[in-house]
Amino acid sequence: LNNEKVEKVEITPKDKESIYYITGKIKGYKDKETFEVVVPFTDSVIEKILEIANSQQLDVKTNKDPGSISWITIILDFVPIILIGGLTVYMVKSLMGNGKGGTLDFGRSRAKLNQDGGKVTFKDVAGQEAIITTLKHAIDEKKIAHAYLFCGPRGTGKTTVAKLLAKAVNCTGDPKPCGECENCKQIENGTHPDVIEIDAASNNGVEEVRSLIDKVKYAPTQGQYKVYIIDEVHMMSPGAFNALLKTLEEPPAHVIFILATTEPHKILPTIISRCQRFDFTRLTDQEMVQRMQYVLKEEGKTYDDGSLELIARLANGGMRDALSILEQCLAYNDDHLSINDIHTIYGIVSMDDKTNLLKVLLSKNMSESLKILDKMDKSGIDIKRLTFDLIDILKDIVVYRNTKDTSIMSVMTQKDLENIVPYITSDECFSFIDILMDASEKYIRATDPHIYFELALLRLCNQEHAASQKIEYTPIKEEPVKPVE
């Protein structure tokens with residue numbers, strides 16, 4: 001601010017933390033040359049900014065809110081500033097703190113669920129116990145490998161664990177990572193100069209890799225190790241892989257590479273052989289439910305029994321997917337998470353409706369079956385998901401008929417089983433499953449799976465029914481047709 005050659009200055013907050021960027025353009029020194037400084041936003045810095053701004057005849061206003069970071073607004077006295085030196089100062093005010101009530105702050109909640117940042121440690125990671133234990137022992141015994149390969153489905157914690165490993169090897173506290181030291185905080189904020197995240201999907205060429213290799217030889221400026229986290233590494237071209245090969249084979253002692261991918265089969269075997277490989281598995285439904293319970297409790301939200309289990313099944317083992325579904329459902333109804341809301345948003349048929357459909361099919365009532373299908377179609381029900389849901393129900397019935405053990409059921413409760421089991425035999429279940437599986441295989445090639453599902457229902461209605469009890473089901477209510485006026 002004191003330098004007359006400074007043409008433009010911007011002071012902006014970084015991720016709701018007590019760190020501010022100061023960037024600017026220097027007049028007359030290379031048209032595009034800029035400078036950047038990272039400063040802690042403390043009372044002493046505020047006082048210094050006030051002092052300088054007042055000396056430059058700037059109208060300065062300050063504000064401090066309890067529970068939020070202080071911010072300053074600098075309003076220019078345009079005429080004298082322009083006449084003196086053309087100095088313009090811009091201040092970007094950040095929205096600080098988290099309002100009470102309102103929608104769920106999922107930036108913060110994702111941190112609680114150890115997704116992409118947050119003050120978390122290895123003990124906070126959901127699932128992946130074998131991987132976490134191995135990495136913790138390697139850190140404690142100072143046996144750090146020079147390259148790691150993290151493989152696994154999306155949303156299982158690969159990037160999260162990569163960041164935790166980067167924190168641990170550069171942490172100055174105890175236990176590692178502590179989440180409190182300066183290195184840990186900067187890695188959380190994405191401002192640490194020695195931890196570089198690279199998206200291989202957009203930086204997959206030979207030139208990008210060569211540029212990276214040129215910088216590898218330089219020692220870390222702040223931490224003990226320079227850590228390169230390369231996400232979606234399978235997107236790199238063969239030439240880029242070959243360029244990286246030599247560096248992976250004989251890297252400098254201060255460098256660690258962490259490669260993350262969902263498709264390890266696309267990576268060259270010569271790359272894989274130079275890395276310690278860790279295969280991340282899908283999280284169990286119980287692990288995801290426990291994490292979502294923790295977040296909802298922290299946010300003060302209520303939920304129906306069974307709603308989190310339903311979200312966990314929809315997420316299919318991906319914690320990130322579970323969070324996205326949870327976020328969308330709470331955006332629909334911020335006060336309470338209900339099963340009906342999840343059904344409405346994701347086009348899911350309730351368990352009662354699915355068992356009722358099976359009863360109608362068992363009664364061989366083709367007309368009623370088509371009416372139910374038409375109603376579901378108008379409601380935007382996902383036919384593919386419904387098909388596999390029916391298969392899961394039939395599988396549970398077979399297991400229960402042979403074991404009488406409800407603890408090993410995947411989707412059905414004791415009440416659900418009592419509602420359908422008396423009316424169907426195990427052989428009928430297998431017959432229904434075969435027909436539904438046949439239809440599901442044809443969905444892949446179909447632009448509209450509706451016709452194949454409809455044909456499957458017609459085939460199911462024509463199956464022989466061996467149960468002795470009379471089947472009772474709920475018929476579709478006919479809605480009256482309004483006359484045309």
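Owing to the predicted nature of the structure, the values given are computational and were not obtained by experimental measurement.
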Next item on the list: Apply side chain to side chain contact (heavy atoms under 4.5 Å, CB included) to His146 and Val255, showing your working.
Entry: CA-CA 7 Å; His146 65 271; Val255 172; over 6 Å; no

How close do [X] and [Y] get, heavy atom to heavy atom, and via which atoms?
X      : Y      : answer
Ile325 : Ala315 : CD1-N, 4.0 Å
Pro264 : Ile272 : O-CD1, 3.7 Å
Ala240 : Val209 : CB-CG2, 3.6 Å
Phe241 : Leu268 : CB-CD1, 3.5 Å
Gln186 : Pro193 : OE1-CD, 3.7 Å
Cys184 : Glu180 : CB-N, 4.2 Å

Distance (rounded to the nearest 0.5 Å) between [X] [atom1] and [Y] [atom2]:
X      : Y      : atom1 : atom2 : value
Met319 : Leu326 : CE    : CG    : 8.0 Å
Gln276 : Ile131 : CD    : CD1   : 11.5 Å
Ile267 : Leu259 : CD1   : CG    : 6.5 Å
Cys329 : Ile345 : SG    : CD1   : 4.0 Å
Ile187 : Asn183 : CD1   : CG    : 6.0 Å
Tyr332 : Asn340 : OH    : CG    : 9.5 Å

Checklist line | Aromatic contact, Tyr148 with Phe257 (centres under 6.0 Å) | finding: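 Ring centres of Phe257 and Tyr148 not closer than 6.0 Å.
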
Within a 6.0 Å radius of atom [atom1] on [X], are there more than 12 heavy atoms belonging to other residues, nucleotides or ligands?
X      : atom1 : value
His137 : NE2   : no
Asp214 : CG    : yes
Lys404 : NZ    : yes

Closer than 4.0 angstrom, basic N to acidic O: yes or no for [X] and [Y]?
X      : Y      : value
Lys301 : Glu299 : no
Lys185 : Glu182 : no
Glu188 : Lys163 : no
Asp352 : Lys354 : no

Next item on the list: Test the Lys384-Phe388 pair against the cation-pi criterion, namely NZ or CZ under 6.0 angstrom from the six-membered ring centroid and within 45° of the ring axis.
Entry: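 Judged by the rule (NZ or CZ under 6.0 Å from the ring centre, within 45° of its axis), Lys384 is not positioned above Phe388.
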
Does a donor on one side chain and an acceptor on the other come within less than 3.5 Å for [X] and [Y]?
X      : Y      : value
Gln286 : Glu309 : no
Ser350 : Asp353 : yes
Thr387 : Tyr443 : yes
Ser324 : Asp321 : no
Asp392 : Ser410 : no
His336 : Thr302 : yes
Thr191 : Asn189 : no
Asp341 : Ser338 : yes

Next item on the list: Take Val227 and Val169 through the test side chain to side chain contact (heavy atoms under 4.5 Å, CB included) and record every step on the way to the result.
Entry: CA-CA 9 Å; Val227 182; Val169 297; 4.0 Å; yes

Would you say the side chain of [Y] lies within less than 4.5 Å of the side chain of [X], judging by non-hydrogen atoms?
X      : Y      : answer
Arg210 : Val206 : yes
His343 : Met351 : no
His192 : Gln222 : yes
Pro153 : Thr262 : no
Val216 : Tyr228 : yes
Val349 : Asp389 : no
Ile271 : Leu248 : yes
Ile139 : Leu165 : yes

Next item on the list: Evaluate side chain to side chain contact (heavy atoms under 4.5 Å, CB included) for Ile229 paired with Val195, printing each intermediate quantity in order.
Entry: CA-CA 8 Å; Ile229 301 173; Val195 178; 4.3 Å; yes

Note to self: Assess the residue pair Asp174 and Lys176 against the criterion (salt bridge (Lys or Arg N to Asp or Glu O under 4.0 Å)); give the C-alpha distance rounded to whole Å, side-chain angles, the decisive distance to 0.1 Å, and a yes or no.
What the structure shows: CA-CA 5 Å; Asp174 191 65; Lys176 301 180 185 299; 5.6 Å; no

[X] side chain vs [Y] backbone, donor-acceptor pair below 3.5 Å:
X      : Y      : result
Thr134 : Ala130 : yes
Arg274 : Thr270 : yes
Glu141 : Ala138 : no
Lys226 : Lys215 : yes
Arg385 : Tyr346 : yes
Asn402 : Val399 : no
Lys158 : Ala260 : no
Asp194 : Thr221 : yes
Ser211 : Glu207 : no

Item checked: Which residues share a side-chain contact (heavy atoms from CB on, under 4.5 Å) with Asp285, sequence neighbours left out ->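 Residues passing side-chain contact (heavy atoms from CB on, under 4.5 Å) with Asp285: Met288, Ala312, Arg313.
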
Next item on the list: List the steps and the verdict of side chain to side chain contact (heavy atoms under 4.5 Å, CB included) for Leu386 and Ile348.
Entry: CA-CA 7 Å; Leu386 174 59; Ile348 302 171; over 6 Å; no

